[in-house]
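Inspection log for the structure reproduced underneath, given as structure tokens.
Each ligand, and each atom within it, is numbered from 1 in the order the structure gives. Computed from a prediction, not measured in an experiment: that's the story for all the values here.
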Amino acid sequence: MQRIYLDNNATTPLDPRVFAAMAPALQGTYGNPSSLHWFGQQARAALDEARDEVARLLGASPGEIVFTASGTESDNMALCGAAATASASRRKVVVSALEHHAVLHAARSLGDGGFVVETVRSLPGGLVDMDDYRAKVDESTCLVSLMLANNETGVVQPVAEAAAYARGKGALVHCDAVQAAGKIPVDVLALGADLLTISAHKLYGPKGVGALYVKRGTALRAFVHGGSQERNRRAGTENVAGIVGFGKAAALVREELPSDGPRLCELRDRFESKVLAIAGARRNGGGVRVPNTSNVSFDGVDAESLLLALDLAGVAASTGAACAAGGIDPSHVLRAMGLTLGEVQSSLRFSLGRQTTASEIDQAAEAVVECVARQRKVFALP
Ligand code: PLP
């Protein structure tokens, strides 16, 4: 059976060119980058090259990139590290209700530690409510965290506008760009972010490697203690092969985004034109979206049953964030957008990738049409 992978927001396949770049780093370049001898310096040079590429992808300087073990770690490092340096008069952290759990749960832990955590509402279309945001961000705010693209709907948030407002109040700005990098251009200066998270496995790189952009001069307390790696920002011997893969993936994304973006947008729209033609199908998330993501509710259909039926038909989709998939937690993002529990439980996310073809899109859309019809028949039985 031909299998069609439409769950690229959960993770992307490793690009073969990334794999090829990683192979020498896994075998020959085995020195410790902190060692002074030739072996160590080979590994150091490989790290430096990767750091340059990741920095270029974000419009940052290489010295502003800290490698971590995941997007989750970068988010935690940003929130906990920035809050730890906040003055006594700034005890408020502002996040949006649409954030990934890596941000929401890190914020919750800050709340447990005595910070006031404010959560900004979403508008029905999946955009953060900027009126609510402006009401919550004030001179007592030490940090704001707002994602650039939502993982479930693909909706692009007004980060530059939010950052300018937060800066005016003297707060630091963290942006979770995990789902944006590789899908739309991400420029730290244009966004006005002090801290920004990306993750390699969401852009055709390896799993277990993340990066945090830390604007030069930003006070940030280290989160992992030990050696002096990553300019004392993050201790631990670097994952050299993973970072090399991240660098290659970043370079490819930078070169190919101008052609990949429009192609994916066209395929996503083609998919939606077929799927939204189903009676009782509605798209979740409007306005500006990243090109690869489509979130759709199907009235009267249980999303988990549909997901399994689609899997049997060879199509991989998702009921939401990967960490919540399989669990009973309904999507907090769709709930924040005002969907009823029933609507949330009838919603599926389809996320396309670099490898997705037009014929896959047609086959997948056909499978969705058939499976929805079959589900409705089954559930309509007495
Ligand atoms: N932030 C967002 C928006 C995500 O979608 C994800 C992963 O799904 C993460 C953070 C966490 O990244 P990682 O899987 O590298 O820990």
Side-chain angles (χ1 to χ4, degrees), residues 5-14 18 54 57-58 65-80 95-109 120 122 126-128 144-157 159 174-184 186 191 193 195-213 223-224 234 239 242-243 245-246 249-250 253 285 289-290 292-295 316-327 329 331-334 336-337 349-353:
Y5 185 69
L6 295 182
D7 198 13
N8 289 274
N9 285 8
T11 193
T12 51
L14 191 74
V18 172
V54 171
L57 179 66
L58 303 177
I65 301 300
V66 179
F67 288 117
T68 66
S70 62
T72 298
E73 184 188 322
S74 297
D75 282 344
N76 276 264
M77 182 176 170
L79 269 80
C80 301
V95 297
S96 90
L98 299 164
E99 299 305 306
H100 189 271
H101 282 143
V103 166
L104 291 179
H105 292 179
R108 189 198 290 168
S109 84
V120 181
S122 169
L127 262 184
V128 72
V144 161
S145 185
L146 180 59
M147 68 195 336
L148 185 50
N150 184 264
N151 42 306
E152 298 193 34
T153 61
V155 174
V156 176
Q157 305 296 331
V159 171
H174 168 248
C175 175
D176 178 340
V178 166
Q179 292 290 348
K183 299 182 179 120
I184 54 172
V186 176
L191 291 171
L195 302 156
L196 182 137
T197 296
I198 62 172
S199 176
H201 76 103
K202 307 287 188 181
L203 41 85
Y204 312 95
K207 292 166 184 61
V209 197
L212 182 66
Y213 157 79
F223 183 63
V224 179
R234 199 270 186 184
N239 171 2
I243 292 171
F246 199 177
V253 152
R289 291 181 296 158
V290 288
N292 80 317
T293 307
S294 182
N295 193 307
S318 166
T319 47
C323 53
D329 277 356
S331 156
H332 68 277
V333 172
L334 299 182
M337 288 163 60
R349 177 188 72 187
F350 305 89
S351 47
L352 287 60

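Using a 4.0 Å cut-off to heavy atoms of Ser70, the atoms of ligand 1 that qualify are 15 (O), 16 (O). Taking a cut-off of under 4.0 Å to the non-hydrogen atoms of Asn151, the atoms of ligand 1 that pass are 3 (C), 5 (O). Every atom of ligand 1 with a heavy atom of His100 under 4.0 Å away is listed here by number and element: 1 (N), 2 (C), 3 (C), 4 (C), 5 (O), 6 (C), 7 (C), 8 (O), 9 (C), 10 (C), 11 (C). Under a 4.0 Å criterion applied to the non-hydrogen atoms of Asp75, ligand 1 contributes the atoms 1 (N), 10 (C). When each atom of ligand 1 is checked for a heavy atom of Ser199 under 4.0 Å away, the hits are 13 (P), 15 (O). The distance from ligand 1 to the heavy atoms of Met147 drops below 4.0 Å at these ligand atoms: 3 (C). For ligand 1 and His201, the ligand atoms under 4.0 Å from any heavy atom of the residue are 13 (P), 14 (O), 15 (O).
Residue-to-ligand polar distances place Gly71 within reach of ligand 1: an N/O pair is separated by less than 3.5 Å.
In this structure, Asp176 CG and Gln157 CD are separated by 11.0 Å, a value rounded to the nearest 0.5 Å. To the nearest 0.5 Å, atom OG of residue Ser70 and atom CE of residue Met77 are 11.5 Å apart. Once rounded to the nearest 0.5 Å, the distance linking NE2 of His105 with CD of Glu99 reads 12.0 Å.
Of the candidates Asn150, Val209, Thr72, it is Thr72 that places a heavy atom closest to atom 16 (O) of ligand 1.
Contacts of Phe350 classified as ring-ring contact (aromatic ring centres under 6.0 Å, His included), with partners at least two apart in sequence or in another chain: Phe271.
Every pair passing salt bridge (charged side-chain N to carboxylate O under 4.0 Å, His left out) that includes a residue from residues 66-80 is listed here, sequence neighbours excluded: Glu73-Arg234.
Using modelled atom types, one finds a donor on one side chain and an acceptor on the other under 3.5 Å when comparing Thr293 with Asn9.
Smallest separation of non-hydrogen atoms from Pro13 and Asn8: CD-OD1, 3.5 Å.
Contacts between Glu73 and ligand 1, counted as non-hydrogen atom pairs separated by less than 4.0 Å, are absent for every part of the residue.
Using a non-hydrogen distance threshold of 4.0 Å, Lys202 registers as a contact of ligand 1.
In this structure the side chain of Ile198 reaches within 4.5 angstrom of the side chain of Phe246, judged on heavy atoms.
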